[in-house]
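Written below as structure tokens is the structure these notes are about.
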Amino acid sequence: MHYVETSREALADVLVSVGPDADTLCEGWKSRHLSAHLLIRENSALSAGIFLPLLRGPMENRLEQLADAAQDLSVYLELVDRFRAGPMKFSPFRIRQVNRTANLLEYFVHTEDVRRARSRWAPRHLDEDYVEALWSDLTHRAKFMYAKSPVGVILVRRDGTRFVAKRAANSVAVIGHVGELVMHSHGRQSHALVTLEGSPESIKILTGLANPLD
């Protein structure tokens with residue numbers, strides 16, 4: 001099953017449910033900023049500012065313009081509806097494989113960015129096929145995502161399946177359900193329900209509590 005569109009719906013639904021001024025796990029962003037980001041990312045050439053410093057300023061200015069306008073609830077809901085409708089005709093995200101590769105993890109993480117910024121939340125129950133799709137994408141990207149880790153990282157699912165994301169003499173096993181491993185790999189460590197196993201020093205280094213150069 002192709003889960004990107006159902007994930008888009010879930011993300012749009014949670015954005016609608018919280019309104020324009022809800023906190024998110026994205027530093028400095030309310031839900032209206034996240035909605036603006038999602039729309040620009042799929043429908044504007046300015047989205048290249050994610051990678052190109054020359055366009056970063058114009059991209060951020062456009063995001064702020066959209067987010068400021070979306071303080072009005074009706075404008076915010078229109079913004080979310082435009083995201084829900086999918087990318088415009090000539091967007092590269094209309095290509096099925098691009099959409100699948102770029103958006104499956106993106107939508108999952110941003111849905112949780114909204115859900116987990118609230119004081120009370122619980123992990124979602126995920127279909128088994130969806131879990132396997134997330135795991136497949138995660139294992140394709142994990143080596144890149146942990147490339148700068150000062151210690152080795154081994155991702156371990158609750159069923160015991162393991163993936164070495166970073167090889168090093170000293171490693172930490174990050175153990176959890178697949179959705180939690182996705183959140184950890186995307187820099188949401190303090191909001192990921194995982195268990196860490198390894199030497200106390202390696203765990204401190206991974207969690208940023210120790211300087212690997214000390």
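- Applying the side-chain contact (heavy atoms from CB on, under 4.5 Å) test to E128 and every residue at least two apart in sequence or in another chain returns nothing.
- Each side-chain hydrogen bond (donor to acceptor under 3.5 Å, both in side chains) pair with one or both residues in residues 12-27, not counting sequence neighbours, appears once here: D13-R84, D21-R32, D23-K30.
- Residues satisfying the side-chain contact (heavy atoms from CB on, under 4.5 Å) criterion with S44, sequence neighbours excluded, are I40, L46.
- Partners of R116 under the salt bridge (charged side-chain N to carboxylate O under 4.0 Å, His left out) rule, at least two apart in sequence or in another chain, are E112, E180.
- Checked against side chain to side chain donor-acceptor pair (under 3.5 Å), S202 has the following partners two or more places apart in sequence or in another chain: S199.
- Sequence neighbours left out, not one pair with a member in residues 162-179 passes side-chain hydrogen bond (donor to acceptor under 3.5 Å, both in side chains).
- For E78, the salt bridge (charged side-chain N to carboxylate O under 4.0 Å, His left out) criterion is met by no residue, not counting sequence neighbours.
- For the salt bridge (Lys or Arg N to Asp or Glu O under 4.0 Å) condition, the pairs that include at least one residue of residues 131-140, sequence neighbours left out, are R100-D137, E132-R157.
- T161 pairs by the side chain to side chain donor-acceptor pair (under 3.5 Å) definition with D159, not counting sequence neighbours.
- Annotation: ring-ring contact (aromatic ring centres under 6.0 Å, His included) contacts involving residues 96-127, sequence neighbours excluded, comprise H37-H110, F83-Y107.
- The pair E5-R8 counts as a salt bridge, with a side-chain nitrogen and a carboxylate oxygen less than 4.0 angstrom apart.
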Give every donor-acceptor pair under 3.5 Å between a side-chain atom in residues 60-67 and any protein atom, sequence neighbours left out.
residue : atom : partner : partner atom : Å
N61     : ND2  : G57     : O            : 3.4
R62     : NH1  : Q65     : OE1          : 3.3

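- Each ring-ring contact (aromatic ring centres under 6.0 Å, His included) pair with one or both residues in residues 147-176, not counting sequence neighbours, would appear here, but there are none.
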